[in-house]
Amino acid sequence: MNFSEYIMIMVKIMRNIKLLNSIYIKLKNMLNSIAIQLCLFLILLASCALAFFPWIHTSFFSSNSIKIEAKDISIDTKQFGNIKLVNKNADVAISFKANESMYNVTFYTSNGRNAKQTIDSIIYTLNVNNLKSNTNISFKERQMLQNRNITYTDKTDTKMLTENQTTFIMMIVLMFFIMTTILISRIGAQVAYEKGTQLTEVILTSLTKTQLFEADVISSFIVVIINVIVILLPMIIASIINDNKIVSDFSFLSGGNIFWILLHLTLCIYSLIVLCIGLCSISKRAEDSNAYSTIMLAPVMVSYLYTLINSRMYHGIWNFLNYIPLFSAFPILSEIITNSISTQTMIVCVISDIVFICIELLISKRIYTKNISKL
């Protein structure tokens with residue numbers, strides 16, 4: 001090895017060290033910013049609320065049992081939930097009396113009045129039980145009285161969501177929407193700020209424009225990973241506790257579901273960030289980044305609203321949006337959770353996401369290196 005080759009190797013090593021230092025500084029600046037800290041706090045709060053929802057609901061939001069004074073009436077309270085039979089001396093919400101074939105119900109509190117539908121169900125059950133003893137009523141007539149003469153056949157192509165699945169989808173969508181909104185705004189503002197204050201010119205004395213772009217992309221990706229870990233932490237703790245009275249039941253999620261959810265959403269967010277870095281480099285002033293961030297959030301908002309209205313993939317003429325990560329984040333998420341998407345389709349979606357990101361990297365890099373500095 002001659003001296004010139006040795007010098008070239010040393011230059012490459014120094015450039016790599018400077019690149020690593022640049023990534024570290026950018027990452028540190030983002031993590032120290034109020035916006036990113038607020039983002040981490042909000043998604044941690046939302047994730048804890050999702051993971052420990054049963055305990056939170058029981059401890060802070062569960063209403064007291066509705067006390068009913070029921071004279072000469074036998075009621076199986078278990079089938080009616082929040083009902084408690086008490087004696088006449090207790091602080092009752094409802095007084096319930098039978099007078100031959102009539103029932104006299106008196107409400108003493110607003111909670112008692114709000115339980116009118118429950119009282120109707122109780123009286124209906126009592127009436128059915130009384131009529132069962134009548135031998136003149138046929139078996140079919142008893143079925144009619146109990147609404148058991150109905151046969152349901154479901155031939156729809158959309159699976160019904162359970163309460164756990166619906167809650168999980170809404171909370172995950174909310175967390176990733178918050179994360180995407182704050183990250184895009186903060187990363188775009190940082191790129192525009194460095195350019196507007198001419199910090200870029202100083203940095204470019206030791207790094208190339210391509211390396212600076214790589215530093216922005218890599219540091220942003222690390223921030224995304226940190227946010228995902230924060231979301232997962234409470235859920236991992238909940239799965240270890242595994243007590244349905246304290247933590248939510250995530251048994252409907254398989255290991256494969258979790259893998260596809262994390263991979264898909266990470267790719268979608270990364271896709272938005274890469275494009276955001278490129279577009280915000282066009283900004284002439286730091287405040288100009290707000291306009292570009294708003295443009296970037298438009299497809300996220302479309303995905304968010306579509307999922308709230310229709311928890312399934314795009315269909316019809318909009319089917320192609322399922323393969324564009326800017327639009328597909330939340331509809332695909334719903335399909336994964338409900339096991340409505342095949343592995344083959346999911347692989348195609350992920351491959352299309354990666355191809356789209358590669359194209360974005362090339363375009364954003366070109367825009368960034370052309371506009372980030374006049375040097």
### Message
Please check: side-chain N/O of Asn227 versus main-chain N/O of Val223, any donor-acceptor pairing under 3.5 Å?
### Response
yes
### Message
For the CD1 atom of Ile43 and the CE atom of Met171, what is their distance to the nearest 0.5 Å?
### Response
11.5 Å
### Task
Scan for side chain to side chain donor-acceptor pair (under 3.5 Å) pairs involving residues 254-266, sequence neighbours excluded, and state none if there are none.
Ser254-Asn257, Asn257-Asn339, His264-Asp353
### Task
Answer yes if Ile34 and Leu31 sit in the same cluster of Ile, Leu, Val, Met, Phe, Trp and Tyr residues linked by side chain heavy atoms under 4.5 Å apart, and no otherwise.
no
### Query
Would you find a donor on one side and an acceptor on the other, under 3.5 Å apart, between the side chain of Thr180 and the backbone of Phe177?
no
### Query
Under 3.5 Å, is there a donor-acceptor pair between the side chain of Tyr314 and the main chain of Phe327?
yes
### Query
Is any side-chain heavy atom of Ile273 closer than 4.5 Å to a side-chain heavy atom of Val217?
no
### Query
Does Cys268 reach the side chain of Leu326, with side-chain heavy atoms less than 4.5 Å apart?
no
### Message
Quick one: does any side-chain atom of Ser248 pair with a main-chain N or O of Phe52 as donor and acceptor, under 3.5 Å?
### Response
no
### Task
Decide whether Ile225 and Ile258 are clustered together by the hydrophobic rule: side chain heavy atoms of Ile, Leu, Val, Met, Phe, Trp, Tyr closer than 4.5 Å, transitively.
yes
### Identified side chain to side chain contact (heavy atoms under 4.5 Å, CB included) partner of Met175 from the options Leu50, Leu42, Leu44, Leu45
Leu50
### Query
Do Ile347 and Leu321 belong to the same hydrophobic cluster, where Ile, Leu, Val, Met, Phe, Trp and Tyr are linked whenever their side-chain heavy atoms lie under 4.5 Å apart, directly or via other members?
yes
### Query
Would you say the side chain of Val247 lies within less than 4.5 Å of the side chain of Trp55, judging by non-hydrogen atoms?
no
### Backbone N/O of Met313 and side chain of Tyr306: donor-acceptor pair under 3.5 Å
yes
#### Entry: Point-to-point distance, once rounded to the nearest 0.5 Å, from OG of Ser328 to CD of Glu335
11.5 Å
### Message
Is there a side-chain contact between Ile36 and Leu183 in this structure, where contact means two heavy atoms from C-beta onward sitting under 4.5 Å apart?
### Response
yes
### Task
Can you tell me which residue pairs pass the side chain to side chain donor-acceptor pair (under 3.5 Å) test with a partner in residues 30-50, sequence neighbours excluded?
Ser33-Arg186
### Query
Does some side-chain heavy atom of Phe176 sit less than 4.5 Å from a side-chain heavy atom of Leu333?
no
### Message
Keeping Thr345 on the side-chain end and Ile341 on the backbone end, is there a donor-acceptor pair under 3.5 Å?
### Response
no
### Task
Tell me whether Ile182 is reachable from Ile172 by hopping between hydrophobic residues (I, L, V, M, F, W, Y) whose side-chain heavy atoms are closer than 4.5 Å.
yes
### Query
Is the CZ atom of Phe41 crowded by more than 12 outside heavy atoms at less than 6.0 Å?
no
## Note on the structure
The reported gap from OG1 in Thr210 to CD in Glu214 (rounded to nearest 0.5 angstrom) is 6.5 Å
### Query
Would you say the side-chain atoms of Ser271 pair up with the backbone N or O of Leu267, donor to acceptor, closer than 3.5 Å?
no
### Query
Atom CD1 of Ile236 and atom CD1 of Ile231: how far apart are they, to the nearest 0.5 Å?
11.5 Å
### Message
Check for me, please, whether Ile357 and Val348 land in the same ILVMFWY cluster - side-chain distances under 4.5 Å, paths through other members count.
### Response
no
### Query
So how far is it from Tyr368 OH to Leu361 CG, rounded to the nearest 0.5 Å?
13.5 Å
#### Entry: Side-chain heavy atoms of Leu262 within contact of Leu232, under 4.5 Å
yes
### By side chain to side chain contact (heavy atoms under 4.5 Å, CB included) - contacts of Ser364 (at least two apart)
Phe213, Val274, Leu275
### Task
Taking Asn319 for its side chain and His315 for its backbone only, find out whether a donor-acceptor pair lies under 3.5 Å.
no
### Query
How close do Ser220 and Met30 get, heavy atom to heavy atom, and via which atoms?
N-CE, 3.8 Å
### Cys280 SG to Asp216 CG distance, which is reported to the nearest 0.5 Å
10.5 Å
